[in-house]
Amino acid sequence: MAYLLGGGAPASGAALVGSQYCVCKVELSVSGQNLLDRDVTSKSDPFCVLFTEHDGRWMEYDRTETAVNNLNPAFSKKFVLNYHFEEVQKLKFALFDQDKSSMQLEEHDFLGQFSCSLGMIVSSKKITRPLLLMNDKPAGKGLITIAAQELSDNRVITLSLAGRKLDKKDLFGKSDPFLEFYKPGDDGKWMLVHRTEVIKYTLDPVWKPFTVPLVSLCDGDMEKPIQREFECINPKKQKKKKSYKNSGIIILRSCKINRDYSFLDYILGGCQLMFTVGIDFTASNGNPLDPSSLHYINPMGTNEYLSAIWAVGQIIQDYDSDKMFPALGFGAQLPPDWKVSHEFAINFNPTNPFCSGVDGIAQAYSACLPHIRFYGPTNFSPIVNHVARFAAQATQQQTATQYFILLILTDGVISDMEETRHAVVQASKLPMSIIIVGVGNADFAAMEFLDGDSRTLRSHTGEEAARDIVQFVPFREFRNAAKETLAKAVLAELPQQVVQYFKHKNLPPTNSEPS
């Protein structure tokens with residue numbers, strides 16, 4: 001590892017590395033129980049094959065070793081995959097009885113299979129499910145158990161450094177020193193890891209402590225040496241002066257290694273993502289019986305509202321153990337008295353507004369359309385405050401076990417902007433994020449204002465949001481894109497928001513080990 005004083009960087013080929021240098025990887029361990037016995041004179045010799053889905057086709061990803069004469073195998077070979085929260089990563093585990101040395105799977109007896117998403121495994125950390133035959137009938141009493149573990153090195157190192165008697169570089173003053181840290185890359189070129197701040201007019205600088213991922217600094221190799229005090233050498237001066245000793249001393253004042261918990265750590269630690277949908281039923285959407293209406297369900301059984309629910313919901317539902325989600329409407333008149341409501345259960349059961357999975361939300365949405373009158377105005381604050389009340393209750397547990405996500409689907413301008421700004425600012429203090437999908441072609445400037453990417457959101461009283469919790473995406477930008485593209489855009493900021501909240505509250509993952 002190289003440590004260079006500012007100005008002594010390698011001449012070329014240096015590339016900046018940061019936290020994005022870390023790749024989030026998951027290791028899956030597989031075992032089987034009570035497998036079918038396909039051998040006559042002995043027991044089956046099972047091995048497991050992992051398939052991943054690409055463009056609707058199953059492709060073999062990897063396979064385990066063969067467990068000889070064993071109906072309850074625990075395979076030592078692990079499957080290692082890159083983990084992407086914002087994608088549905090479909091997996092299929094198929095077990096075979098090895099009969100020949102052939103690599104062709106059709107040459108071996110089929111013992112059963114199980115399909116799921118990587119998110120389902122990660123959210124449960126460990127699952128056991130029945131194995132099925134090709135006709136979806138049980139493969140005897142066969143079971144498969146899959147356990148997930150994060151492989152990414154998410155340790156961080158905090159360094160505090162100082163300099164002493166550095167060279168004077170300025171003609172009329174002292175020096176303005178800074179430090180740059182480099183490490184050798186696989187291609188032999190030097191990669192810039194970190195640059196400290198510049199300290200003006202001093203030969204004895206004390207730099208602020210800084211934190212970098214351990215994998216960025218030394219590839220996670222704790223055996224790489226580090227000096228507590230080392231000399232700064234100027235090669236030009238060293239050549240010119242025989243009496244030259246050094247151009248100053250760099251002192252490592254302190255070095256501390258901690259674990260920097262990731263989103264995956266919190267999910268594997270048992271954090272549940274609590275999903276709520278809020279749907280805009282204001283009159284500007286148009287009559288749902290009219291094909292020009294945004295709520296009109298076409299012959300294919302969908303519209304932009306349903307498409308957005310599916311895109312986000314199919315990801316989120318894997319991270320909630322019971323998959324029961326509240327679905328609320330706003331801006332409609334409800335029977336029998338036809339009063340306007342901005343916070344009603346679309347299944348018309350106010351004491352139990354939960355729908356079973358994304359399918360249940362879609363069914364309740366379709367069923368409620370003929371029974372309500374679209375009206376207005378477009379008020380967001382009641383539904384934001386509704387979810388915030390539950391998020392506030394979760395904070396009493398002082399654990400990283402629940403995080404609330406509100407998906408708002410809307411077609412137009414917010415009528416209660418001041419109240420909504422205040423509600424969002426208050427919600428920013430809670431374990432909660434808000435995703436807004438703009439449906440149709442309206443002016444969504446107000447939604448972009450709530451999405452505090454370019455500026456800090458303030459309430460009408462001037463209070464600043466504790467953090468950015470709103471992500472706004474206009475559906476029209478994804479009409480002609482693959483359905484997975486919308487989910488990636490909508491959920492891009494969520495993992496960071498989850499980690500940011502729990503770290504700010506000093507709440508480690510529930511099942512984490514001490515640093």
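Fair warning: this is a prediction, and the values are worked out from it, not measured in the lab.
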Handout entry: Steps toward side chain to side chain contact (heavy atoms under 4.5 Å, CB included) verdict (S262, D265)
Key = CA-CA 5 Å; S262 68; D265 282 317; 3.2 Å; yes
Handout entry: T66 side chain to Q98 side chain, donor-acceptor N/O pair below 3.5 angstrom
Key = yes
Practice task
Any pair with a residue in residues 398-412 that passes salt bridge (charged side-chain N to carboxylate O under 4.0 Å, His left out), sequence neighbours left out, goes on the list, sorted by first then second residue, please.
Solution key: none
Problem - F444-F472 aromatic ring centre distance below 6.0 Å - result: yes
Practice task
Mark yes or no for whether S31, through its side chain, and A74, through its backbone, hold a donor-acceptor pair below 3.5 Å.
Solution key: no
Practice task
Can you run down the salt bridge (charged side-chain N to carboxylate O under 4.0 Å, His left out) pairs that involve residues 366-391, sequence neighbours left out, and say none if there aren't any?
Solution key: E343-R389
Exercise for the section: Verify the ring-centre separation between F75 and F47: is it less than 6.0 angstrom? Expected result: no
Problem - For F374 against L369, the heavy-atom pair lying closest together - result: CZ-CD2, 3.9 Å
Practice task
For the pair K256 (side chain) and T158 (backbone), establish whether a donor and an acceptor sit closer than 3.5 Å, ignoring hydrogens and angles.
Solution key: no
Problem - Test of ring centre spacing under 6.0 Å for Y266 and F502 - result: yes
Exercise for the section: Check whether any side-chain N or O of E484 sits under 3.5 Å from a backbone N or O of E87 as a donor-acceptor pair, and report yes or no. Expected result: no
Practice task
Give the ring-plane orientation class for Y403 versus Y501, where under 30° counts as parallel, over 60° as perpendicular and anything between as tilted.
Solution key: perpendicular
Handout entry: Cationic N near anionic O, under 4.0 Å, E53 to K92
Key = no
Practice task
For atom CG of D55, decide whether the heavy atoms of other residues, nucleotides or ligands shown that lie under 6.0 angstrom number more than 12.
Solution key: no
Exercise for the section: Check whether any side-chain N or O of T64 sits under 3.5 Å from a backbone N or O of C48 as a donor-acceptor pair, and report yes or no. Expected result: yes
Exercise for the section: May I ask you to decide if the ring planes of F263 and Y319 are parallel, tilted or perpendicular, using 30° and 60° as cut-offs? Expected result: tilted
Exercise for the section: Would you indicate whether Y375, at its atom OH, is surrounded by more than 12 heavy atoms from other residues, nucleotides or ligands within a distance under 6.0 Å? Expected result: no
Exercise for the section: Assess whether atom NZ of K43 is packed by more than 12 heavy atoms of other residues, nucleotides or ligands within 6.0 Å. Expected result: no
Practice task
Without swapping roles, check the side chain of Q471 against the backbone of S433 for a donor-acceptor pair under 3.5 Å.
Solution key: no
Problem - N/O donor-acceptor pair under 3.5 Å between N379 side chain and H342 backbone - result: no
Exercise for the section: Please check if any side-chain donor atom of S29 sits under 3.5 Å from a side-chain acceptor atom of Q149, or the reverse. Expected result: no
Exercise for the section: Please confirm whether the backbone N or O of A392 pairs with a side-chain atom of T395, one donor and one acceptor, at under 3.5 Å? Expected result: yes
